[in-house]
Peer 1: 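Please read through the structure below; I'll follow up with questions.
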Protein chains: 4
Amino acid sequence: MPTPEERYAAIIDAAVQLFRKKNYHGTSMQDIAEAVGIYRGSLYHYINSKEELLFRIVERAISKFREVLSKIQMENLTATEKLHQAIYTHVQYIVKDQAGLAILLEDTKQLSEEYQEKIRDAQKQYEIILQNIIEEGIQKGEFKDLNSKVVTYTLLGMMNWTYRWYSVKGKLSSEEIAAIIEDIIINGLSKSNN
Amino acid sequence: MPTPEERYAAIIDAAVQLFRKKNYHGTSMQDIAEAVGIYRGSLYHYINSKEELLFRIVERAISKFREVLSKIQMENLTATEKLHQAIYTHVQYIVKDQAGLAILLEDTKQLSEEYQEKIRDAQKQYEIILQNIIEEGIQKGEFKDLNSKVVTYTLLGMMNWTYRWYSVKGKLSSEEIAAIIEDIIINGLSKSNN
Amino acid sequence: MPTPEERYAAIIDAAVQLFRKKNYHGTSMQDIAEAVGIYRGSLYHYINSKEELLFRIVERAISKFREVLSKIQMENLTATEKLHQAIYTHVQYIVKDQAGLAILLEDTKQLSEEYQEKIRDAQKQYEIILQNIIEEGIQKGEFKDLNSKVVTYTLLGMMNWTYRWYSVKGKLSSEEIAAIIEDIIINGLSKSNN
Amino acid sequence: MPTPEERYAAIIDAAVQLFRKKNYHGTSMQDIAEAVGIYRGSLYHYINSKEELLFRIVERAISKFREVLSKIQMENLTATEKLHQAIYTHVQYIVKDQAGLAILLEDTKQLSEEYQEKIRDAQKQYEIILQNIIEEGIQKGEFKDLNSKVVTYTLLGMMNWTYRWYSVKGKLSSEEIAAIIEDIIINGLSKSNN
DNA sequence: AATGAATGAGGCTTCATTCAT
DNA sequence: CATGAATGAAGCCTCATTCAT
């Protein structure tokens with residue numbers, strides 16, 4: 001007999017896998033119940049609605065990123081060092097929870113306006129911290145003076161894209177991926193740069 | 001009175017806008033009919049099913065990218081020049097049709113397995129061409145010897161992410177964005193690289 | 001093939017009969033669809049929700065009463081004559097549409113607060129008009145000086161109760177019932193009154 | 001810790017209040033449990049089913065009326081005196097337990113046929129006793145010779161209607177209301193009757 | 001071509017009740 | 001006695017699609 005906490009966790013897990021594979025709307029409560037091995041109605045002992053379930057998942061996904069990044073930013077490091085840590089942690093989180101990011105990126109639209117706003121706010125905050133690191137680097141002369149917003153989104157794209165192609169079956173570790181991303185963003189592909 | 005062709009185009013356009021805003025499952029045929037200004041049943045004179053409609057949209061989105069890239073690859077240019085052209089064209093297409101890419105990335109899962117396979121194949125082909133350019137650059141000594149698959153996906157991430165943040169209301173042109181992306185991927189952020 | 005208007009009427013009729021017999025909550029949309037001979041989903045071509053269906057029924061029931069009473073009140077008659085007409089019409093309406101009043105009295109609570117308010121307002125207006133007639137009679141010396149509010153509700157009770165006991169199978173006409181009610185409210189049961 | 005009897009009483013009370021406000025079907029067992037301050041499942045230590053709960057409430061409401069009226073009828077009084085007592089007691093009971101009558105009148109339909117029959121029988125008996133008093137009065141020359149059934153229901157309507165409009169917040173006592181009803185049914189509104 | 005009514009499946013959720021602890 | 005998780009049925013409603021007019 002699973003404890004209620006285990007059941008709740010099992011529901012979240014099942015929902016994450018299913019939403020990832022078939023998206024929010026493509027997944028029925030029936031599907032989730034079956035995956036957990038309980039009846040449809042029993043789900044509602046643990047959650048209030050399908051939408052809330054999505055919100056919990058998406059919120060959890062975004063909050064993990066936020067926590068760590070804000071710690072990094074406050075440490076006494078050069079911008080280059082901060083960027084290094086940010087890239088490694090970010091990529092590690094994605095590799096550990098690809099599904100969470102997939103759902104965050106693809107299904108947030110299905111939430112009600114209030115919920116969406118909370119998520120967008122959290123995303124915005126994350127982006128701002130990252131942008132601050134970039135701007136710090138520019139001001140301190142570590143980085144070139146490029147449009148910091150575009151640089152931030154470009155970096156986010158490099159890292160986040162991992163959720164679409166990374167496969168556990170491949171032999172790459174999150175560190176190896178992070179190393180390449182860091183190398184590119186810092187030094188670029190060009191051989192003439194050392 | 002619009003011609004059948006115009007009607008068909010209007011349906012596609014309406015569907016693109018709606019799918020973009022509310023996703024495939026969040027959009028009803030009713031919504032599309034209303035946006036076009038016809039009755040629900042009339043849609044079926046122009047399309048066979050909602051799924052096929054999604055497929056057409058997604059197919060159109062991907063095929064545009066493919067066409068151009070294969071032309072570039074066959075031209076007699078250095079890898080660095082090819083990359084330059086690829087980035088500028090790719091970003092330009094996204095900026096011109098953000099919605100198409102959004103749907104491609106977020107709603108393809110809703111298609112049946114056969115349709116999905118076609119789309120995945122097309123995406124794969126695009127990625128392979130891009131990867132070939134990268135590998136060419138590595139072999140010819142233009143680029144550093146990094147894992148070409150990871151580099152390819154990283155580049156794709158940088159460019160594709162544009163669909164999520166680019167806003168026509170901002171003052172950036174697609175060329176300005178492409179220039180920054182190119183600068184980063186070639187030279188990196190580091191100030192010590194010239 | 002019934003016209004849409006006939007279908008709508010058939011749905012209302014079926015709902016009235018069923019709500020009357022089993023109350024709003026005891027009646028399923030399935031029940032109504034079956035009674036009309038269509039599918040559950042088809043009901044929604046004609047109505048927007050079960051609640052709205054109830055509202056339409058209840059609104060129709062109350063508005064009939066209101067219309068007539070306001071006409072009577074404005075005519076140039078003594079209070080006694082107005083009362084006479086009010087009683088006869090009111091009883092007649094109940095006898096013709098017992099179910100409507102039953103639903104109005106028993107199921108209005110099931111409506112949302114906004115809908116309930118509309119209905120309560122309409123009822124209130126009806127009661128006020130009736131009370132005005134009573135007060136007119138008191139002021140002009142036709143009626144005894146009793147608490148007009150209590151008298152109004154007492155008269156309403158006498159008449160409305162009909163919805164619970166009147167049976168078409170009995171041999172009483174609405175006029176016969178109205179005559180007795182009028183006799184009681186005007187002269188009372190006591191034999192010593194002429 | 002409340003005794004089982006107190007718990008049972010608390011359940012009945014909570015159910016009465018809730019059924020009154022939201023009707024039988026609009027009230028969930030959950031609602032009742034919450035109002036009592038126990039858990040849903042625990043209700044079933046005290047009652048066998050929601051339906052039985054409704055039956056007990058409705059039965060209790062009707063039986064109070066019956067008891068008293070049968071006593072009155074057997075006393076050695078004139079019909080006019082019996083009517084006087086019946087009206088005062090009936091109105092007093094309603095004022096004391098408006099909710100009970102509301103549920104009896106509005107929710108009895110939700111009971112199974114067997115239960116409904118018991119309730120209808122009890123109501124019928126009450127009506128018969130009242131009708132007997134009326135007929136006694138007619139035979140003894142105290143009352144006018146009107147259709148006794150219609151008179152009985154008309155009187156019931158006058159009195160029962162109280163459940164819909166009486167408000168404890170108003171300043172009227174049950175005696176004042178009973179006095180007006182008695183005055184109307186005996187003497188009528190007309191000023192020419194003394 | 002267009003309409004719009006009808007279909008029938010399926011989705012989310014609520015609920016009375018049971019039962020192991 | 002109390003708990004609270006589980007059941008399984010049923011309820012309201014939406015939707016893609018069909019088809020007669």
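All figures in this text were calculated on a predicted structure; none of them were measured in a lab.
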Peer 1: Given 3.5 Å as the limit, does a donor-acceptor pair link the side chain of C:Glu52 with the main chain of C:Ser49, or not?
Peer 2: no
Peer 1: Once side-chain hydrogen bond (donor to acceptor under 3.5 Å, both in side chains) is applied, do any residues pair with D:Glu114, and if so which ones, sequence neighbours excluded?
Peer 2: none
Peer 1: side-chain hydrogen bond (donor to acceptor under 3.5 Å, both in side chains) with A:Glu51: which residues, sequence neighbours excluded?
Peer 2: A:Ser112
Peer 1: Under the salt bridge (Lys or Arg N to Asp or Glu O under 4.0 Å) definition, can you give me all pairs with a residue in residues 35-47 of chain B, not counting sequence neighbours?
Peer 2: none
Peer 1: Would you call the rings of C:His25 and D:His25 parallel, tilted or perpendicular if under 30° counts as parallel and over 60° as perpendicular?
Peer 2: tilted
Peer 1: What stems involve DNA chain F, if each pair must be Watson-Crick or G-U and both of its distances must be under 3.5 Å, with 3 or more such pairs in a row?
Peer 2: E:2-21 with F:2-21
Peer 1: Want to settle it: does C:Ile47 or B:Tyr44 sit nearer the 5' end of DNA chain F, counting the closest nucleotide to each?
Peer 2: C:Ile47
Peer 1: What class does the angle between the rings of A:Tyr115 and A:Phe55 fall in, given that below 30° is parallel, 30 to 60° is tilted and above 60° is perpendicular?
Peer 2: parallel
Peer 1: Each nucleotide in nucleotides 3-9 of chain F should get exactly one letter: B, S or -. Can you fill that in based on protein heavy atoms under 4.0 Å?
Peer 2: BBBBBB-
Peer 1: Decide yes or no on salt bridge (Lys or Arg N to Asp or Glu O under 4.0 Å) for A:Lys124 and A:Glu117, but give the supporting numbers first.
Peer 2: CA-CA 10 Å; A:Lys124 203 76 209 151; A:Glu117 210 176 310; over 6 Å; no
Peer 1: Who are the side-chain hydrogen bond (donor to acceptor under 3.5 Å, both in side chains) partners of B:Gln98, not counting sequence neighbours?
Peer 2: none
Peer 1: Could you identify which residues of residues 48-58 of chain B place a heavy atom less than 4.0 Å from some atom of DNA chain F, listed by residue number, or say none?
Peer 2: B:Ser49, B:Lys50
Peer 1: Applying side chain to side chain contact (heavy atoms under 4.5 Å, CB included), name anything that partners D:Lys109, two or more places apart in sequence or on another chain.
Peer 2: C:Asn23, C:Glu106
Peer 1: Mind checking salt bridge (Lys or Arg N to Asp or Glu O under 4.0 Å) for C:Glu59 and listing every partner two or more places apart, or none if nothing turns up?
Peer 2: C:Arg56
Peer 1: Can you name the residues that form a side-chain hydrogen bond (donor to acceptor under 3.5 Å, both in side chains) with C:Ser28, not counting sequence neighbours?
Peer 2: C:Asp31
Peer 1: Please list all pairs meeting ring pair (Phe, Tyr, Trp, His ring centres under 6.0 Å) that have one or both residues in residues 30-54 of chain C, counting only residues at least two apart or in different chains.
Peer 2: none
Peer 1: May I ask you to list the residues of residues 12-36 of chain C, by number, that have any heavy atom positioned under 4.0 Å from an atom of DNA chain F?
Peer 2: C:Thr27, C:Ser28, C:Met29
